[in-house]
Amino acid sequence: MLRINQLKLPVDHTPGELMERVKKLLRLGPKEPEPRLTIVRRSIDARKKPALYFHYILDIQVKNQKAVYRRCDKRYVTEWEEKPYQFPVNSYRGNVRPVIIGTGPAGLFCGYMLAEAGFCPILLERGKPVEQRVLDVQEFWEKGKLNPESNVQFGEGGAGTFSDGKLNTLVKDKYGRNRKVLSLFVEAGAQEEILYDHKPHIGTDELSKIVARMRQNIIRMGGEVYFDARVTDIACQGGHISGVVINGDKKIEAEYVVLAPGHSARDVFRMLYEKGIEMEAKPFAVGMRVEHPQELINLSQYGNRDVKALGNAPYKVTARAGDGRGVYSFCMCPGGYVVDASSEPGRLAVNGMSYSGRDGCNANSAIIVSVTPEDYGDTHPLAGMAFQRELEENAFRVGNGMIPVERYGEYKKACEKMEDGEKPLEVQGKVPDDFAPSIKGRWQFGPVHEILPEALGRAFVEGMEQFGKVIEGFNDKNVLVDGLESRTSSPVRILRDETLQASVKGLYPCGEGAGYAGGITSAAMDGIHVAEAVALAVIAAENS
């Protein structure tokens with residue numbers, strides 16, 4: 001196979017123009033057969049906006065490859081050998097059935113790989129099937145009726161189901177797990193573009209359908225999936241897992257248990273701590289959702305308010321506050337909505353969500369500030385969880401149970417403790433006075449600036465001001481600040497050793513909730529990694 005790197009074409013190019021460029025680089029004659037193209041990566045080059053380009057990496061299959069390679073343009077073309085992902089165990093025929101706690105990306109992909117290899121896993125989900133979960137979430141957004149077991153955080157698909165379905169990750173992938181995750185999504189109905197786009201996304205509306213198809217495939221391959229099955233205890237014998245208890249009364253015997261509970265399973269963290277499972281508090285980040293007119297972001301990123309070939313523009317911004325804290329955008333949703341992502345009565349948290357078309361009128365992103373165990377005021381492993389809860393209670397209070405919203409100008413004035421009449425230094429005129437939020441869930445204007453501790457609020461403002469120098473209008477006084485974004489990642493890490501097992505053997509902490517991932521793709525990759533470890537451990541035990 002041949003690989004072409006850094007092929008550049010305008011974003012509005014045709015498939016024919018792409019083929020002609022490839023043939024030119026390969027120096028193919030007019031009578032030679034056309035090569036077969038596979039797009040490996042496609043990224044956007046906006047350095048000369050409004051002139052916009054795609055950069056391609058392509059794999060090429062062509063007749064007489066050696067002869068073609070000898071004469072091709074070697075500034076762009078190299079020889080390449082593809083190494084597809086291989087699961088280490090195939091066609092297992094034994095009787096061991098691993099149990100998987102949670103059907104978020106980590107648990108779902110772990111279960112899928114084990115089912116495909118013949119292990120017939122049992123998946124336990126505390127919430128509802130995604131079809132029912134969608135209805136429960138919609139009722140909560142419309143009427144404020146929270147189901148603590150079926151909401152944006154809990155239920156089939158995990159918290160990522162009600163997000164943008166973003167699939168980009170910074171995790172290094174020398175084993176091919178990333179490609180495997182994307183391929184399985186495509187097999188379940190995702191568009192093929194996710195295999196090569198630099199920042200792939202699926203969209204909430206499509207992701208919920210894909211999750212259901214993956215569950216159906218797991219069942220078809222011999223796995224079982226149980227809903228309304230909240231794990232309330234684990235059983236151990238001689239330092240090894242022996243089973244799990246669901247809903248306080250039903251025990252399932254198991255020698256291999258994958259713990260993939262998601263970052264909001266606070267009752268599970270508490271139960272594990274009380275059982276003596278080794279864990280530690282970990283750093284994470286908290287902040288606010290900010291909303292801008294999408295056209296403002298498009299103009300900044302693309303030099304045009306509407307680029308039909310690309311859709312609405314994303315952004316990524318980072319800064320450092322005066323006290324050294326990192327401030328950065330997280331889970332940016334082009335053309336999206338801020339959503340009520342609460343899971344506990346009396347506490348409020350938000351997230352961002354886009355549908356597959358990303359065609360809403362507002363852009364939103366979490367602008368978050370890094371926090372560390374030193375901020376929690378306690379060395380307890382669950383101190384970060386308590387810190388989250390306190391902030392979420394503040395958010396619930398200032399919004400009277402609804403998402404609180406505040407104009408950035410007012411937020412900044414309050415955080416900087418300016419005198420009445422003193423104007424903050426900010427970009428004016430980019431965002432209209434009547435700019436309105438795009439929110440799924442009940443909301444009201446309120447004093448969002450009261451939610452965070454003073455140091456975090458000040459760092460948030462410092463970041464916003466720095467971002468205004470990068471994206472004009474980012475720190476406009478009419479930008480909307482919605483609180484609170486507190487579920488960016490797990491506040492806990494459940495310790496695991498080089499075999500991926502916890503302090504109780506046979507228990508495999510996995511994914512974002514266990515502290516080993518940060519998003520849909522990295523959680524799914526960790527799920528595959530843990531599935532490999534479980535499969536190899538089963539085979540080794542049976543052969544010993």
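We use all heavy atoms of the structure for the numbers below, so side chains are in, but hydrogens, waters and symmetry mates are not. Because the structure is a prediction, the values reported are computed rather than measured.
- The environment of CG in N64 is sparse: at most 12 heavy-atom neighbours from other residues, nucleotides or ligands sit within 6.0 Å.
- Proximity of P88 to E532: side-chain heavy atoms (C-beta onward) are separated by under 4.5 Å at one or more points.
- Using modelled atom types, no side-chain atom of E280 and backbone atom of R493 make a donor-acceptor pair closer than 3.5 Å.
- At least one donor-acceptor pair under 3.5 Å links the side chain of D173 to the backbone N or O of N178.
- In this structure, K8 satisfies the cation-pi test against Y53, with its NZ or CZ atom closer than 6.0 Å to the six-membered ring centre and inside 45 degrees of the ring normal.
- Checking side-chain atoms of H240 against main-chain N and O of V504 turns up no donor-acceptor pair under 3.5 Å.
- For the pair R133 (side chain) and N151 (backbone), a donor-acceptor distance under 3.5 Å is present.
- For the pair N543 (side chain) and A540 (backbone), a donor-acceptor distance under 3.5 Å is absent.
- Here the side chain of Y92 pairs a donor or acceptor atom with the backbone of V96 at under 3.5 angstrom.
- Shown here is R213, whose CZ atom has more than 12 heavy atoms of other residues, nucleotides or ligands within 6.0 Å.
- More than 12 heavy atoms of other residues, nucleotides or ligands shown are found within 6.0 angstrom of CZ on R71.
- Counting heavy atoms from C-beta on, the side chains of I101 and V258 never come closer than 4.5 Å.
- Looking at N364 and R289, their side chains do bring a donor and an acceptor atom within 3.5 Å of each other.
- Residues F185 and F109 bring their aromatic ring centres within 6.0 Å.
- Counted within 6.0 Å of CD on E192, heavy atoms from surrounding residues, nucleotides or ligands total 12 or fewer; the atom is thus considered open.
- Annotation: R27, atom CZ; neighbour count of heavy atoms from other residues, nucleotides and ligands within 6.0 Å is above 12.
- Using a 4.5 Å heavy-atom threshold, the side chains of E116 and N217 count as separate.
- Seen from the ring of Y337, K440 counts as a face-on cation partner, given the 6.0 Å and 45° thresholds.
- Residues E156 and Q132 fail the side-chain proximity criterion, which asks for heavy atoms closer than 4.5 Å.
- When the shell of 6.0 Å around NZ of K166 is examined, it contains more than 12 heavy atoms from other residues, nucleotides or ligands.
- H13 and Y56 have their aromatic ring centers within a separation under 6.0 angstrom.
- Side chains of R215 and I219 form a contact here, defined as non-hydrogen atoms less than 4.5 Å apart.
- A cation-pi arrangement is absent between R97 and F119 under the rule of less than 6.0 angstrom and at most 45 degrees off the ring axis.
- Side chains of S342 and V152 form no contact here, defined as non-hydrogen atoms less than 4.5 Å apart.
- Annotation: W141, atom CH2; neighbour count of heavy atoms from other residues, nucleotides and ligands within 6.0 Å is above 12.
- A donor-acceptor pair is defined here as one N or O able to donate and one able to accept, closer than 3.5 Å; no such pair exists between the side chain of K23 and the backbone of E34.
- Between the side chain of K74 and the main chain of Y69, a donor-acceptor pair closer than 3.5 Å is present.
- More than 12 heavy-atom neighbours from other residues, nucleotides or ligands sit within 6.0 angstrom of CG on D497.
- Judged purely by atom type and a 3.5 angstrom limit, S544 uses its side chain to pair as donor or acceptor with the backbone of A541.
- For Y226 (side chain) and R126 (main-chain N/O), no donor-acceptor pair under 3.5 Å exists by modelled atom type.
- Across all their heavy atoms, G513 and S490 have their closest contact at O-OG, 2.9 Å.
- At least one side-chain heavy atom of Y355 sits under 4.5 Å from a side-chain heavy atom of M353.
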After noting the C-alpha distance and the side-chain angles of N5 and T78, does the key distance pass the side-chain contact (heavy atoms from CB on, under 4.5 Å) rule? CA-CA 8 Å; N5 292 286; T78 60; 4.1 Å; yes
